[in-house]
Each structure stands twice: as structure tokens, then as C-alpha cells.
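Following: one structure in C-alpha cells, then a few remarks.
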Amino acid sequence: PIYRAWEDAGAFAPGRAGAKPFAIVIPPPNVTGSLHMGHALNNTLQDVLVRFERMRGRDVLWQPGTDHAGIATQMVVERQLMDRQEPGRRALGREKFIERVWQWKEESGNTIVGQLKRLGASCDWSRLRFTMDEGLSRAVRKVFVELHRAGLIYKDKRLVNWDPELLTAISDLEVEQTETKGHLWHLRYPIEGTAEFIIVATTRPETMLGDTAVAVHPDDERYKHLIGKNVILPLVGRRIPIVADEYSDPEKGTGAVKITPAHDFNDFEVGKRHALPMINILDQEAKLALEGNADFVRGVDPNPELDWTLQELHGVFRFAGRKMIVDRLEGMGLIEKIEAYTHAVPRGDRSGAVIEPFLTDQWYVDAKTLAVPAIDAVKRGRTVFVPKNWETTYFHWMENIQPWCISRQLWWGHQIPAWYGPDGKIFVAEEETDAGAAAEAHYGKAVTLKRDEDVLDTWFSSALWPFSTLGWPDKTPELARYYPTDVLITGFDIIFFWVARMMMMGMHVMEEVPFRDVYIHALVRDEKGQKMSKSKGNVIDPLELIDDYGADALRFTLAAMAAQGRDIKLATSRVEGYRNFATKLWNAARFSQMNECAPQAGFDPSKAKVTVNRWIAGESERALASITDALQAFRFNEAASAIYHFIWHVFCDWYLELIKPVLAGNDQEAIAETRAMTSWALDRALTLLHPFMPFVTEELWAKLASETEGRKSFLMLAPWPERQGLENAEADAEISWVIRLVSEVRSVRAEMNVPAAARVPLVISGASADTEARAKRHEGTLLRLARLETLSFGKPPQGAVQIVLDEATLALPLAGVIDVDAESKRLKREIDRLGSDIKAIDAKLANEQFVSRAPEHVVEEQRERRVEAEATAARLEQALKRLEAAV
RNA sequence: GGGCGGUUAGCUCAGCGGUAGAGCACUACGUUGACAUCGUAGGGGUCACUAGUUCGAUCCUAGUACCGCCCACCA
């Protein structure tokens with residue numbers, strides 16, 4: 001209901017004229033996804049910041065949206081079709097299938113938005129965008145065309161990471177290396193015209209069918225004499241050269257390496273250097289493709305083995321083919337040895353299939369060129385990473401960036417705006433009509449064009465997100481006002497996927513960084529330090545936590561744990577603790593209300609007269625300062641703990657307790673002031689807590705004023721307080737003295753097992769007139785909070801237990817109420833401890849270098865501590881004597 | 001192989017050149033009119049190890065050990 005009220009009031013919308021803008025774009029979640037812990041953390045931090053800046057008067061735009069998530073979504077829908085035993089993707093055909101995906105998007109597309117709302121995310125939902133909206137699609141096409149025109153997007157035939165399950169190319173970033181136990185086969189290749197063999201080692205013997213050379217190191221004495229000779233490739237009969245290439249490492253394997261340019265990235269480079277043929281021996285599904293393969297038979301001499309190879313191996317899956325080939329070679333005596341071998345196998349991060357380096361035509365972005373200004377922008381501090389050390393990671397990757405393969409053989413996504421003429425000539429244009437016109441001009445007549453079937457990598461559209469969501473390519477007022485955005489908040493796992501690419505696109509298209517700051521937060525991981533995932537079964541569902549403890553508690557926990565480490569291991573007990581915190585606040589508000597503490601127009605906290613009121617004004621000022629500073633520096637955890645400490649341990653524990661005697665008294669003026677101050681301080685607490693716990697604070701904000709004037713507006717739109725210099729040293733000194741005194745007495749009572757119900761008198765002796773007056777002023781408080789019977793001054797009675805506070809001795813006449821043995825033991829222990837403290841301090845003060853080099857206040861502190869310790873020890877000795885005498 | 005991070009209370013984690021902190025858990029007492037989803041008090045730490053810098057190191061430097069992440073490569 002609160003969230004709805006905010007929404008209905010348009011509280012999330014930007015547009016404060018005259019205010020400085022503050023813009024943030026959401027990392028778009030998968031449109032058909034569901035809120036997980038990473039989203040919860042990410043969006044909590046954004047919302048904390050957004051609410052903070054909104055309260056500080058900025059014109060805040062939090063731009064929300066969702067991502068079409070090409071592969072992921074397509075896979076989900078395909079799986080759905082399979083589960084429902086409906087016709088699969090190919091049977092449906094492209095158009096029908098895409099329709100189904102859109103249908104699924106409509107069905108599930110609002111789930112994540114609803115979940116973000118439950119979390120309290122104050123995005124401007126009226127501006128919700130989707131990466132495949134018409135506007136954003138137009139931006140994609142325009143950028144594609146412009147980059148193509150600039151030569152920064154091009155089509156190229158080279159090796160890509162091919163996923164033989166999803167039947168698409170993927171980018172380097174989507175490949176994961178997995179350690180796998182396998183074998184290393186040492187194959188004997190016969191050298192032409194001799195009876196000799198050259199032995200090559202390989203983990204993938206089946207690729208030998210596509211070998212077009214054997215490489216040895218030019219300086220390798222073992223093989224020098226073979227350079228320039230040929231090998232007859234077993235089974236195939238192809239004559240292939242032995243070449244010298246520095247790539248070959250004499251230390252590895254046998255020092256001779258087979259070269260398969262069409263199926264290995266390194267071999268591809270070697271192949272180019274030596275102008276070797278590239279023979280593709282696999283089809284898209286990673287089955288051996290030999291029959292009718294013109295490449296394959298090139299350079300093959302008539303060879304009886306060949307027929308066998310072709311017939312048996314054609315159409316066999318790569319791993320089955322491997323076994324057949326190994327068996328055959330073994331039968332021919334061409335296997336030197338087989339070793340057990342652990343090596344990294346590349347797998348697709350979505351499908352898990354072993355990735356095949358595969359020779360195809362794909363579209364590429366010239367990332368190397370685009371990276372230059374993007375690197376420069378960070379080097380010059382136009383964009384700053386927080387924490388800063390992520391810049392190292394960013395630079396390292398950007399400086400070694402490879403061409404970005406952006407075409408995907410999928411159906412769900414932005415179809416590439418390229419059309420092919422009858423002769424294969426490419427026409428790249430934003431619209432089909434433009435391509436048609438260009439083609440007509442080229443051919444001199446109208447021709448039928450065929451559109452490129454591929455779609456773009458999901459991250460291509462994400463890279464445009466900071467400006468495409470603001471209306472680009474149109475020159476919208478939003479674009480002018482909110483670009484560049486202020487801060488991007490995201491996890492480190494997508495620095496390469498997303499942050500780097502936004503930097504590149506932003507610099508190229510907008511000629512300006514997309515954001516001033518990038519706050520990189522930790523990943524919420526499981527206890528093994530791995531990303532949470534459903535398949536591992538150890539996810540904590542944020543929605544369950546919201547159900548159990550409330551969104552406020554979850555948000556506070558996440559903010560409090562957002563320190564700049566790398567992992568967050570979420571403990572439910574922590575969430576529970578912060579739920580209790582919300583309850584505590586609720587109860588404090590109830591107390592306030594019961595005591596008729598209501599906001600008073602025109603109340604000026606700086607004019608307060610009652611000491612405790614002046615003190616709380618100063619304390620809330622300190623809280624304001626530390627929370628503001630922390631949030632400005634993205635130190636969410638510090639801000640969270642500052643407000644927690646202020647509300648619980650300052651406001652509830654002490655202030656509310658200290659004012660009880662005042663409220664119970666009959667000084668009407670003091671009561672009135674205290675009521676006003678309580679309400680003021682509580683309002684202040686709600687305000688400072690609001691970015692973290694928006695729901696409970698907003699609710700209390702409304703409740704606490706309803707009986708009097710009512711609130712004109714939401715807390716979320718209330719101004720963040722300005723500093724007013726409310727600290728008051730005198731009040732601080734006085735209240736902290738009271739707090740210490742109460743704590744001391746409580747501690748002694750507890751330690752000596754004085755029954756809680758037993759009230760005892762307290763005698764203060766040796767105190768200055770000031771201190772006596774001070775104690776007298778707080779008599780009610782002392783009697784109540786320390787559970788004392790009376791307060792008097794003068795000579796301590798015989799048998800009283802003494803404690804020392806500052807210059808005063810406090811005597812509690814406890815003889816008869818307490819366990820004397822235990823107490824005297826305690827005193828002795830205490831005296832011993834003080835003795836060793838004094839020794840340590842003496843040693844320090846005797847050290848000339850300490851005295852001369854340490855900062856003055858540190859030395860002074862030590863001296864004071866020594867004086868105190870000595871005095872305390874002396875008094876404890878006396879107390880001990882008296883205690884013993886009393887028995 | 002390159003890079004980055006971690007190691008602090010039983011657990012989950014903050015912090016920091018000047019006597020170690022929070023939440024949870026634990027122990028004892030307590031229902032005093034906001035709050036038992038609570039209060040008060042308490043126990044529990046050679047701040048991983050070694051060497052150095054420093055008057056002083058949990059903190060800075062170098063190294064060691066273990067844990068983890070990212071990138072690259074693997075014949």
C-alpha cells in the first residue's frame with residue numbers, strides 16, 4: 001500500500017526544475033527472469049543512493065528496464081516447447097517461434113518488475129524500457145550502420161567459438177575454461193620417402209584429419225633436418241609439410257606439433273603465417289564432415305585407406321570419431337603412447353557444450369579501435385571506478401581486447417540490418433527500403449534482397465543502454481539533461497560484458513562517458529565461494545527473505561554487507577537482527593506517541609535548554625554527518641551502521657531512558673521541550689534511515705503526525721537535513737558522565753550479584769562542587785536507571801564498595817547484600833590489572849623516543865591514563881580494606 | 001603463467017599506525033508501563049605465520065602457508 005501510494009503520487013518521477021540532475025540506469029535484468037540475491041543487492045544499493053539524492057534535492061531519474069537476453073530467453077522457450085511436447089523451434093519456423101517468445105515475454109515480463117517493486121525500488125516505471133522496444137531497436141540499427149560505415153563493424157571469415165549444441169557462434173567472454181581429465185596421444189606421422197616418423201602429441205586426435213602441416217621450432221636440433229620435408233598424413237594420405245615456426249615449443253609435448261588451422265586458434269595463426277590450407281572437417285553439430293568435402297580431399301593422393309575413412313567416419317560425432325581414429329591408428333602401429341592428461345576444455349557458459357573453434361563468416365566489432373578512447377576516459381578520470389583497483393582489471397582487459405564477435409545464429413534478438421544482393425554483395429542499412437534503394441543504385445535495377453538471418457549479441461544493445469533508454473538517436477530533452485549519467489552500480493562479473501562495452505559505445509556514439517562513477521559491488525555467493533545458481537541448489541531466495549523478514553530488513557542487511565570485499569556470504573541471522581531493529585524503531589515510535597511527542601511547527605532544536613535535549617540534538621547531528629559522508633563516498637556499510645548505532649544505542653538506549661524522569665516530573669516547560677525534541681529527533685532518525693528502510697520509515701512518518709497537523713508530503717520527498725552546528729560540548733560532557741556513572745553502577749551491581757529488586761543507597765564523596773551539582777541534577781535518572789535507593793554526598797559509610805569515576809568516589813554500601821568473597825576477589829583482580837597497566841604505561845613513558853616522536857595527544861593520553869589508573873588502584877585498595885573490615 | 005582478493009570472537013562479517021568491533025550464538029540476571037522480535041551485565045580474540053620499517057604494527061613493506069576469484073595458455 002505504501003508503494004502504491006508513492007507510485008500514485010508520482011513520487012518516483014524526475015523533473016524537479018532548477019535542481020541538479022542525478023541519473024542512474026538500472027542494469028537491465030533478464031525480462032523473463034526472477035529476482036535473485038544479486039539483483040536484490042544491486043537494486044538495494046541503487047535505491048539507497050537514489051532515495052538519498054532525491055532527498056538531497058537532486059532531480060533524480062532512475063531509469064528502469066529489462067533485457068531481452070538473447071540466448072537465455074530463447075533457450076527457456078525452447079525448453080518449454082519441449083516440456084509441453086509441442087513442435088520445436090525449427091518445426092515452428094522463425095516467425096512463429098519469435099511470436100512464442102514475445103508471448104512468453106508478455107506472460108512473465110512483469111514478474112521481475114513486480115519483484116523490484118516489492119524490494120522498494122523507486123524507479124520511474126513510467127519510463128520502463130525493453131532492449132527490443134522499437135526505439136531501442138532503432139538505436140541498435142543506427143549504431144550498427146554507423147559503425148559499419150566507419151569500418152568498425154565488418155564481416156570476416158575466421159575462427160569463432162562455436163557452440164555445437166546451440167548452433168551459434170559466441171564471444172570469447174561466453175566461453176568458460178574447465179579443467180578436464182583427458183589423454184595426450186602421441187601420434188607417429190610417417191615422413192615421406194623415408195622409414196622415419198615424426199611424433200606429434202595431441203589431446204584431440206580426431207582433428208588430424210584436418211592437419212595441413214607439422215610445425216617444429218626453427219632452433220630445435222632434433223628436427224632441424226626435417227624442415228621442408230613432407231609427412232604423409234595417416235588415414236588420409238594427404239601430403240603435408242614440416243614447417244619451422246616459433247609457436248612450436250620444444251619443451252612441450254614432443255616438440256613437434258600438428259597444425260590444424262581450421263580447428264585451433266593457435267594453429268589458425270600458424271596456418272596464416274605459412275599460407276597453409278584450412279581444412280574444415282566438422283559440420284555445425286561437430287560431426288565429422290568428409291563426404292563431398294572439397295577441402296578435405298584437396299591434396300589427397302589416391303589411397304586405399306581413404307575410402308574406409310570416408311565411409312566409416314562421415315557423420316560421426318567428434319568424440320566417437322576420436323575413438324575410431326585412435327583405434328585405427330593403433331591398429332596401424334601409429335600410436336607411440338597415450339598419457340593421462342589434465343587440460344582445460346572450453347565450454348559454452350549457457351549450454352555447457354564443448355566449444356569448437358570453427359571457421360565461419362561472422363560480424364565483428366573492431367573493439368581495439370573503440371577501446372582507445374574508452375581507456376583514455378578512465379585514465380583521465382572522466383569515469384572513476386569505486387573501488388579504484390577495478391581499473392586495473394578494466395585496463396588489462398581493454399588493452400588486450402580482441403575483435404568482438406557480435407553475430408549469433410539465433411532467432412531471438414535484433415536481426416542484423418544487412419541485406420545481400422543476388423551476387424552476395426552486402427547492403428547495410430537501417431531499413432529494408434534504404435538497402436533496396438542502395439541495391440537498385442548499385443545494380444541499376446530493382447533486385448530481391450535477402451536479409452542476414454543472424455541476430456546481434458545481447459550485449460550489443462546493452463552497450464547502448466545509457467543513451468538509448470534516454471531516447472537516442474532523437475535529441476530528447478532527457479538525453480540532454482541526464483546524459484552522462486552519474487553513477488553505474490553493478491557487479492564485477494559484468495565489467496567486461498557490459499561496463500567496458502558501454503564505455504566504448506558511449507565514447508564513440510555520444511563522445512562522452514556514459515557515467516561518472518562506476519560502483520562495483522561484491523557478488524553474493526554460496527558458502528563455497530561460487531556464484532549462486534539454481535542447479536547447485538544452494539540459493540537463498542530474496543523473495544522468501546522479504547516474506548519472512550520484510551523488504552526493509554533485507555535491504556538493510558545487504559547495504560550493511562556491501563563493504564568492498566568480493567564476496568558476500570549472506571547469513572539469515574543477520575537479516576533477522578535487522579528485522580528486530582525495525583521492530584525496535586517501531587516501539588520507540590510508539591513510546592514517543594504515548595508520551596504525546598508530536599512534531600511542532602517552528603521548533604528549533606538549537607534553542608533547547610534541557611541538557612539531554614541539547615545532547616540528542618548534537619548526537620543526531622553527528623549521525624547526519626557520518627551518514628551523509630559515507631553515502632557520498634558509496635560506503636553503504638558505514639552509513640548503515642551509523643544509523644543503526646544512532647537509533648538503537650543512542651536514541652533508544654539512552655535518550656528515551658534519560659527523558660523518562662523529565663516526562664514524569666512536573667516541570668511543564670521542560671516536558672514541552674522534551675516532547676518536541678523527541679519528536680524532532682525521531683523524525684531525524686526516520687529521515688536518515690529512510691534510504692535503507694523506506695517502508696517502515698514512511699509508515700511511521702505518516703503515523704507520528706496524523707493526530708496533530710498531519711504530513712503534507714511523503715518522507716521520501718522530505719529534504720535531507722542540513723548541518724546546523726547543533727553539537728554542544730557542555731551537554732555532551734554532562735550526558736556522557738551520566739552514562740558512564742550509570743554504566744559503572746550497573747556493572748558493579750551485576751558483578752556483585754546484587755538482586756535486581758534490591759535498592760541501595762549511593763554515596764558520592766570526594767567530588768567537586770561541579771560534580772556534585774551535576775549528580776544532583778540527574779538524581780532522578782540515576783535512581784531510576786541504576787536502580788538506586790538514594791543519592792547522597794559525603795563520607796562513605798564503613799563497608800561500602802567503592803568505584804571511581806573521574807575525580808569522584810562512588811560508594812555503594814553493599815555489605816550484607818553481596819558475596820564478600822567474590823567481591824574481594826574481583827577487587828584484587830582489578831588491582832592486579834591496574835598494576836600491570838601502570839607498569840606498561842611507565843615503560844612507554846620512559847621511552848624517550850615515544851615521548852619525543854609520538855603525537856602529543858597520544859602521550860598526554862598515556863599520562864592521563866596512568867594518573868587515573870593509579871588513583872583507581874588506590875581507591876580499590878581502600879575499598880578492599882573496608883570490605884574486609886566489614887565482615 | 002599473469003592479475004586481484006581473502007585469512008580478525010563459536011558463526012557471518014566490519015574496522016584500523018596509538019588499550020580489538022557489530023549482529024547472531026553462548027552464560028547469568030531481569031517482565032521497572034515503548035520494546036521478550038526486549039533489557040542489563042558477562043564470557044570468549046598471541047587480528048594465519050615469519051622477517052622488516054616504526055617510539056609503537058592487527059593495520060605499512062617483503063616473504064611464507066592456506067582459501068578463493070578473474071584473465072591467458074596448455075602439444
Side-chain angles (χ1 to χ4, degrees), chain A residues 172-173 177 184-187 199-204 215 247-249 251-258 264-267 339 341-345 389-390 392-393 396-397 400 492-493 495-496 522-523 525 527-531 549 553 557 560-561 563-595 637-638 640-641 644-645 649 652-653 656-657 660 742-743 746-751 753-757 784-787 837 840-841 844 847-855 857-859 861-862 865:
Chain A
D172 296 345
L173 288 174
Q177 303 292 337
L184 186 62
W185 285 271
H186 294 246
L187 310 181
I199 298 166
V200 296
T202 179
T203 54
R204 302 200 52 196
Y247 162 65
S248 180
D249 182 348
E251 303 291 314
K252 282 186 189 162
T254 60
V257 58
K258 64 196 256 330
D264 181 284
F265 288 100
N266 288 308
D267 293 5
E339 291 176 85
Y341 194 73
T342 301
H343 62 129
V345 172
N389 56 343
W390 285 110
T392 315
T393 309
H396 185 259
W397 190 70
N400 297 289
F492 64 83
D493 52 330
I495 289 180
F496 303 146
L523 240 50
R525 295 177 184 277
E527 69 274 12
K528 284 172 196 153
Q530 290 175 326
K531 286 188 205 179
Y549 304 105
T557 310
M561 297 188 77
Q564 302 181 348
R566 289 208 173 191
D567 299 356
I568 292 182
K569 286 189 241 163
L570 195 79
T572 314
S573 63
R574 205 78 192 246
V575 186
E576 198 178 337
Y578 292 126
R579 185 271 320 266
N580 295 352
F581 172 58
T583 309
K584 184 79 180 175
L585 177 68
W586 189 269
N587 282 314
R590 197 166 73 175
F591 172 84
S592 162
Q593 207 169 34
M594 283 169 59
N595 285 285
N637 59 324
E638 272 181 34
S641 77
Y644 181 93
H645 180 259
H649 298 305
C652 290
D653 283 357
L656 293 186
E657 294 303 327
K660 281 175 183 173
V742 170
S743 301
R746 277 176 177 171
S747 158
V748 170
R749 287 183 62 113
E751 266 188 51
N753 295 321
V754 177
R784 180 193 168 87
L785 294 188
R787 292 202 48 81
D837 276 6
I841 296 172
K844 233 177 191 184
N847 183 334
E848 267 177 48
Q849 284 180 308
F850 169 71
V851 176
S852 60
R853 294 201 199 178
H857 73 274
V858 172
V859 180
E861 230 172 71
Q862 295 295 326
R865 198 175 292 155

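All values below come from the heavy atoms of this structure, side chains included, with hydrogens, waters and symmetry mates left out. Below, chains carry the letters A, B, ... as their sequence lines are ordered, and counting in each starts from 1.
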What is the base-pairing partner of [N], counting Watson-Crick and G-U wobble geometry with both distances under 3.5 Å?
N: B:A34; value: none
N: B:A57; value: none
N: B:U7; value: B:A65
N: B:A28; value: B:U40

[X] and [Y]: which non-hydrogen atoms are nearest, and at how many Å?
X: A:A201; Y: A:T254; answer: N-OG1, 4.0 Å
X: A:N637; Y: A:A560; answer: CB-O, 3.2 Å
X: A:T202; Y: A:L187; answer: CG2-CD1, 3.9 Å
X: A:R749; Y: A:P755; answer: NH2-O, 3.2 Å

Is the shortest side-chain heavy-atom distance between [X] and [Y] below 4.5 Å?
X: A:K584; Y: A:Y644; value: no
X: A:L785; Y: A:R746; value: yes
X: A:V200; Y: A:V257; value: no
X: A:W185; Y: A:R204; value: no

Look at all strands and tell whether [X] reaches a base, only sugar-phosphate, or nothing, counting heavy atoms closer than 4.0 Å.
X: A:S248; answer: base
X: A:R746; answer: sugar-phosphate
X: A:Y549; answer: nothing
X: A:V858; answer: base
X: A:N753; answer: nothing
X: A:Y341; answer: sugar-phosphate

Under 4.0 Å from OP1 or OP2 of [N]: is there any side-chain N or O of [X] that close?
X: A:H645; N: B:A14; value: no
X: A:K584; N: B:G39; value: yes
X: A:R865; N: B:U19; value: yes
X: A:N580; N: B:C38; value: yes
X: A:N587; N: B:C38; value: no
X: A:K844; N: B:G18; value: no

Name the closest nucleotide to the [X] side chain, picking from [options].
X: A:T583; options: B:U37, B:C13, B:A75; value: B:U37
X: A:M594; options: B:A34, B:U12, B:C70; value: B:A34
X: A:H649; options: B:G23, B:C70, B:G5; value: B:G23
X: A:S573; options: B:C35, B:G23, B:A41; value: B:G23
X: A:F591; options: B:A75, B:G23, B:A34; value: B:A34
X: A:P855; options: B:G3, B:G39, B:G18; value: B:G18
X: A:Y644; options: B:C71, B:A14, B:G23; value: B:G23
X: A:F850; options: B:A34, B:A75, B:G18; value: B:G18
X: A:R574; options: B:U37, B:A34, B:C13; value: B:C13
X: A:R787; options: B:U12, B:G3, B:U32; value: B:U32

Between [M] and [N] - [atom1] atom distance, rounded Å:
N: B:G3; M: B:A72; atom1: C1'; result: 10 Å
N: B:C47; M: B:A28; atom1: P; result: 30 Å
N: B:C13; M: B:G18; atom1: C1'; result: 25 Å
N: B:C11; M: B:G17; atom1: P; result: 27 Å
N: B:C24; M: B:A41; atom1: P; result: 15 Å
N: B:A20; M: B:A9; atom1: P; result: 15 Å
N: B:U58; M: B:G21; atom1: P; result: 15 Å
N: B:G6; M: B:A14; atom1: P; result: 10 Å

Nearest-Å distance for atom pair CD/C1', residues A:E576 and B:A25 = 11 Å
ask   = Rounded to whole angstroms, how far apart are CZ on A:R579 and P on B:C38?
value = 8 Å
task = Decide yes or no, distance alone: a donor-acceptor N/O pair under 3.5 angstrom between the base of B:A75 and the side-chain of A:E251.
result = no
